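See structure below.
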There are 2 protein chains.
Amino acid sequence: MKIDPNSPADLSAQIASAIRDAIVSGRLIVDERLPSEAELSEQFEVSRSTVREALKRLAAQSLIRTQRGAFGGAFVNRLSYEDAHNGHITTSTVLLGMNNVSFDTACEARFALERACAHLCAERRTADHLATMRAEIVRQAQPGLSDEAFCASDVALHRALVDGAGNPVLSYQLAGAVEAMQPLMNMITFTARDRAEIVRLHGRIADAAEARDGTAVSDALQELEGYTKTLAQSVFAARAKAQSAPAGTAR
Amino acid sequence: MKIDPNSPADLSAQIASAIRDAIVSGRLIVDERLPSEAELSEQFEVSRSTVREALKRLAAQSLIRTQRGAFGGAFVNRLSYEDAHNGHITTSTVLLGMNNVSFDTACEARFALERACAHLCAERRTADHLATMRAEIVRQAQPGLSDEAFCASDVALHRALVDGAGNPVLSYQLAGAVEAMQPLMNMITFTARDRAEIVRLHGRIADAAEARDGTAVSDALQELEGYTKTLAQSVFAARAKAQSAPAGTAR
DNA sequence: AGACGTTTAATTGTCTGACATTCCTTGGCA
DNA sequence: TGCCAAGGAATGTCAGACAATTAAACGTCT
């Protein structure tokens with residue numbers, strides 16, 4: 001592993017890149033201990049601070065973990081589904097927030113992905129998954145629920161649907177998409193009438209999952225997508241109208 | 001933004017976390033300049049090195065970029081689809097490589113996700129997307145192609161299919177899944193007979209996309225998934241047999 | 001006045017050396 | 001044997017210095 005001191009790129013970035021390649025390609029295996037910071041600084045012929053900055057970059061990606069004390073050091077980290085999942089949510093959230101992604105585009109992507117596991121979920125869901133979905137539906141029908149709590153429950157329900165497919169790789173990919181949509185959903189105020197319709201469609205999803213009818217799950221999701229889009233449209237339209245109305249009508 | 005010097009967590013991790021929260025929640029907006037390292041070290045009451053380690057963590061996630069010189073500093077970075085995409089591929093690749101994910105599980109997830117954009121692609125694909133797919137199919141039929149090049153072309157074709165859905169959020173999510181599968185696919189040696197069958201199925205996908213028949217695209221993907229799985233199974237079985245055979249037969 | 005080079009100041013990148021903190025190992029002692 | 005203290009190795013943090021870079025401000029010449 002070599003670096004180029006004359007490259008315009010930061011030395012710490014180059015070092016991080018070199019070590020990252022070694023991890024991704026499998027030359028460094030899980031739980032293997034990297035050389036100590038002092039040894040690395042000798043190998044790369046840089047100071048210890050530079051090595052440390054490189055290691056922090058890798059730690060930020062959960063590729064290594066560090067341990068203090070004797071026989072401590074930096075170890076190649078086994079990337080857990082949970083870590084990958086959390087990173088994915090952060091990235092997706094920032095991506096949606098920063099790139100003026102329209103509600104429709106995000107919504108379309110989210111439901112397209114979710115339908116991808118409709119059939120698998122219908123086939124493999126356990127009683128547990130179904131119970132979770134039913135419980136969230138009951139919660140969503142309670143009148144006093146705040147919009148945030150309603151959205152959180154919505155996420156939990158869809159999460160159960162995704163997990164029901166019994167494929168952790170799929171769960172990792174999808175849960176990121178579903179949860180990253182939450183900030184956008186939180187921007188919508190749900191009237192009692194809206195909630196009743198959503199709960200009804202959630203009920204259809206649960207019924208279809210119970211009956212192990214994948215196509216019905218998919219169809220219900222499709223309808224939910226349509227309803228969510230029109231709902232968002234009307235909320236945004238109403239908000240735009242309030243904006244242009246005389247001052248004093250705004251809160 | 002405050003940190004706790006008595007927490008067991010590293011100060012640099014706490015600082016990175018605080019700034020990350022500010023970015024994700026929108027309190028820091030795109031292209032906004034963070035205080036200089038010297039100012040941050042005053043605000044948080046830590047040394048400049050500690051601040052730098054925190055900033056490197058954020059840079060590793062493409063959340064900030066730094067610029068040297070007068071009026072330089074750290075700026076909130078607009079996360080591009082490309083950056084997000086590359087990070088996603090790295091994470092997915094490591095995740096699959098480190099967690100003993102079976103070929104079947106990864107394959108199932110990949111095709112389930114890809115089918116999610118079958119209908120959208122059929123509806124929206126441009127002549128360009130179709131041309132890319134056809135070109136890759138021609139390439140795949142060439143006899144001299146190495147296994148690596150064959151797999152790369154495979155990725156390019158599926159990438160075109162995904163992009164054909166015309167939803168950048170979907171592309172970001174899916175391309176990660178498709179490309180992360182490549183190392184697993186690369187482990188398979190494709191015989192001429194296998195390739196012919198794959199090329200045939202790719203042709204069916206392209207035909208269906210050309211006819212704007214989403215269901216046909218989905219069906220062809222389903223068949224491709226089945227074939228890929230049985231192919232992998234036979235390759236792995238043959239390899240296991242070679243393993244247990246007397247030494248000398250292995251390369 | 002305008003074009004063009006020079007200086008200057010601000011900022012990140014790197015290095016050095018020191019000390020604090022953590023934690024496993026080792027060895028002594030009851 | 002069991003417990004406790006010392007040692008040592010590693011990361012975490014700090015302070016201060018210098019190098020490299022860059023854009024703005026300034027001067028000078030035409």
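Chain A is the first sequence line, chain B the second, and so forth, proteins listed ahead of strands; every chain is numbered from 1. Everything quoted here is computed from the prediction, not taken from an experiment. Heavy-atom basis, side chains included; hydrogens, waters and symmetry copies ignored.
Within a 6.0 Å radius of CD in A/E32, other residues, nucleotides and ligands contribute more than 12 heavy atoms.
When rounded to the nearest whole Å, the span between CG of B/D4 and P of D/dG12 equals 17 Å. Rounded to whole angstrom, the span from the CD atom of B/E42 across to the C1' atom of D/dG16 amounts to 16 Å.
Across all strands shown, B/R33 has heavy atoms under 4.0 Å from sugar-phosphate atoms exclusively, and none from any base.
Near DNA chain C, meaning a heavy atom under 4.0 Å away, there are no residues from residues 13-22 of chain B. Of the residues in residues 49-59 of chain B, those placing a heavy atom less than 4.0 Å from an atom of DNA chain D are B/S49, B/T50, in numerical order.
Listed by first and then second residue, the side-chain hydrogen bond (donor to acceptor under 3.5 Å, both in side chains) pairs that reach into residues 66-77 of chain B are B/R65-B/N77, sequence neighbours excluded.
For B/E108, the side chain to side chain donor-acceptor pair (under 3.5 Å) partners two or more places apart in sequence, or in a different chain, are A/R124, A/N167.
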Worked verdict on B/E136 versus B/R139 for salt bridge (charged side-chain N to carboxylate O under 4.0 Å, His left out): CA-CA 5 Å; B/E136 295 299 340; B/R139 187 196 314 265; 3.0 Å; yes
A/R110/A/E225 under salt bridge (charged side-chain N to carboxylate O under 4.0 Å, His left out): CA gap, chis, key distance, verdict: CA-CA 9 Å; A/R110 178 224 155 127; A/E225 176 183 351; over 6 Å; no
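Protein chain B touches strand DNA chain C; the 5'-most and 3'-most nucleotides with an atom under 4.0 angstrom of its non-hydrogen atoms are C/dA9 to C/dT14.
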What does the B/S/- profile of nucleotides 17-23 of chain D look like, 5' to 3', with a 4.0 Å heavy-atom cutoff to protein? B--BBBS
